Undergrad: 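Let me give you the structure first, and then I'll get to my questions.
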Protein chains: 2
Amino acid sequence: MSQMLQIHDQLREMILSLDLGPGERLTERWLESRFEGSRTPIRAALVRLEGEELVQRDGRNWIVAPIDLGELEALAEFRVPLETTAVRLACARASEADIAGIEGMLDACQSGAPREEWHRIGTDFHVEIARLSGNSFIVKAVAGAMTRLSRARWLEVWTEPSREQAWREHRRILGFIKNNDPEAAAREAADHISDTRDRLLRSLNEDRRGLKARGFAVIGLR
Amino acid sequence: MSQMLQIHDQLREMILSLDLGPGERLTERWLESRFEGSRTPIRAALVRLEGEELVQRDGRNWIVAPIDLGELEALAEFRVPLETTAVRLACARASEADIAGIEGMLDACQSGAPREEWHRIGTDFHVEIARLSGNSFIVKAVAGAMTRLSRARWLEVWTEPSREQAWREHRRILGFIKNNDPEAAAREAADHISDTRDRLLRSLNEDRRGLKARGFAVIGLR
DNA sequence: AGGGTAAGATTGGGATACCAAAATGGCATG
DNA sequence: CATGCCATTTTGGTATCCCAATCTTACCCT
């Protein structure tokens with residue numbers, strides 16, 4: 001694989017895992033030494049990441065995109081029509097094997113699993129469901145939305161019951177798709193997105209002090 | 001403005017206006033002489049355009065993204081939930097001035113206007129309506145979808161009645177938003193998207209010979 | 001004449017050189 | 001001690017340079 005793609009993937013991972021703090025300045029020269037490559041592939045990776053809005057310009061500087069908690073509500077508003085459409089289409093188009101695959105994914109995440117695992121599967125579930133719609137535009141839009149949500153979800157203080165609640169909702173959505181009940185699946189998906197938004201906002205509001213202490217550029221929480 | 005952005009914008013325009021044919025090969029060296037700049041900003045512009053899916057890799061070569069007419073149906077399927085949501089939100093959130101602005105836009109396009117004008121406004125209408133939703137994710141998604149549609153719309157053979165039909169539908173959508181009738185607006189928007197898809201597919205099917213004659217890489221029409 | 005092939009040209013990937021603008025830091029001045 | 005200003009450094013933007021891979025092409029052997 002080209003060096004540029006390696007750098008892109010690594011940098012992306014560092015950003016999404018909060019290894020690089022939101023708002024943090026990135027100088028091309030630092031990245032140069034960090035990845036032991038020249039500025040050419042690094043620049044290409046940065047331009048690419050800018051397209052994914054994981055990196056931004058600040059004047060002529062590069063910064064890790066800040067987390068804008070103000071967009072959480074707009075994001076939910078966007079996801080509801082998208083994902084309700086996705087599950088409706090999934091009912092019509094998904095094969096049993098497709099569904100079994102996602103069930104397996106959920107099963108694989110036992111209660112003792114590490115935090116990263118829960119986080120990743122919680123994201124992938126939505127993308128995989130979208131994939132069942134057979135509509136690549138929906139898949140890309142859902143994947144983009146989940147990426148945007150991803151870092152905020154790390155900041156959430158996950159309690160055992162809230163995590164269990166989310167998992168029950170995932171199972172219910174999948175169950176309705178399996179039973180080919182599109183309207184129930186859509187209703188469940190919409191509720192799940194709203195619930196998740198509420199849990200997230202509540203948690204972040206309760207933990208504002210903690211967020212600031214960690215020094216990330218986190219903006220927009222009213 | 002940086003040279004890279006200039007090159008990006010010009011190249012983007014050349015692609016969207018079919019000045020550069022879909023599927024056409026782009027060598028960095030040709031672009032270098034065409035834009036009288038070095039490869040560095042050109043490569044940045046290409047990476048950027050790749051993110052917008054207006055340019056692709058073909059092996060290690062760059063090509064103008066082919067037009068995939070097979071995605072027209074998926075695109076409509078994607079737009080319906082998006083844009084019905086947009087008009088519903090617009091009813092709740094748009095000011096009279098916002099609406100008047102879009103009315104003015106439609107008025108400005110008289111029947112004698114050049115083809116480019118009809119094309120541009122036909123795209124902008126949808127983006128501006130989306131903007132009334134106040135949801136930036138919806139705006140970006142609609143803008144992206146209209147960009148993807150843009151080149152196929154140039155290939156369409158516009159008859160006077162079909163153009164008039166589209167315009168009437170635009171006016172009706174806007175009218176329902178003005179009268180604050182979200183459900184009627186949503187129904188109208190969904191119908192408009194379906195109608196447009198049908199008109200486009202019918203026109204392209206009737207003109208397949210013409211398309212091939214022009215030698216563009218146009219794929220996927222069943 | 002046909003087909004394989006090797007020399008040459010061309011290409012994109014990456015590294016480096018150079019520059020102007022911007023940030024930094026330290027010194028002089030009030 | 002605060003403040004303004006200039007020298008220096010650092011930065012990103014651009015232009016080149018080099019290389020390995022790939023594509024052409026023209027030739028030679030059959």
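Protein chains get the first letters and strands the later ones, always in sequence-line order, with residue 1 at the start of each. Just so it is clear, the model here is predicted, and its values are computed rather than measured.
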Undergrad: Hey, are B:R148 and B:E53 close enough for a salt bridge, meaning a charged N less than 4.0 Å from a carboxylate O?
TA: yes
Undergrad: Between B:R25 (CZ) and C:dT11 (P), how many Å, whole number?
TA: 7 Å
Undergrad: Return the value, rounded to whole Å, for the distance between atom CG of B:N61 and atom C1' of D:dC23.
TA: 9 Å
Undergrad: Starting from C1' on D:dT14, measure out to CZ on A:R43 and report it in whole angstrom.
TA: 8 Å
Undergrad: Would you call A:I138 and A:L89 a side-chain contact if the rule is heavy atoms closer than 4.5 Å?
TA: yes
Undergrad: Whole-Å distance between D:dT10 C1' and A:L26 CG?
TA: 16 Å
Undergrad: If we only count heavy atoms from C-beta on, is the B:T27 to B:W62 side-chain gap below 4.5 Å?
TA: no
Undergrad: Report yes if some heavy atom in the side chain of B:W167 is under 4.5 Å from a heavy atom in the side chain of B:H170; otherwise report no.
TA: yes
Undergrad: Taking atom types as they are modelled, would you say the side chain of A:R57 forms a donor-acceptor pair with the base of D:dG12 within the 3.5 Å cutoff?
TA: no
Undergrad: For the residue pair B:M1 and B:D9, establish whether any side-chain heavy-atom pair is separated by less than 4.5 Å.
TA: yes
Undergrad: Is there a side-chain contact between B:M105 and B:I121 (heavy atoms, below 4.5 Å)?
TA: yes
Undergrad: Work out how much the helix from C:dA1-D:dT30 to C:dG30-D:dC1 bends between its end axes, five pairs an end, to the nearest 10 degrees.
TA: 10°
Undergrad: Under a 3.5 Å threshold, yes or no: a donor from one side chain and an acceptor from the other, between B:S150 and B:T147?
TA: no
Undergrad: Between B:W154 and B:H119, what is the ring plane arrangement, given parallel below 30°, perpendicular above 60°, and tilted in between?
TA: parallel
Undergrad: Of the residues in residues 28-42 of chain B, which ones touch DNA chain D at a heavy-atom distance under 4.0 Å?
TA: B:G37, B:S38, B:R39, B:T40, B:P41
Undergrad: May I ask you to decide whether A:D198 forms a salt bridge with A:R202, counting only side-chain N to carboxylate O separations under 4.0 Å?
TA: no
Undergrad: In whole angstrom, give the distance that lies between atom CG of B:L5 and atom C1' of D:dT14.
TA: 14 Å
Undergrad: Which whole-number value in Å describes the distance from B:M1 CE to D:dG12 P?
TA: 21 Å
Undergrad: What's the CG-P distance between A:D58 and C:dA22, to the nearest Å?
TA: 13 Å
Undergrad: Can you check the A:Q3 CD to D:dA20 P distance for me, whole Å?
TA: 15 Å
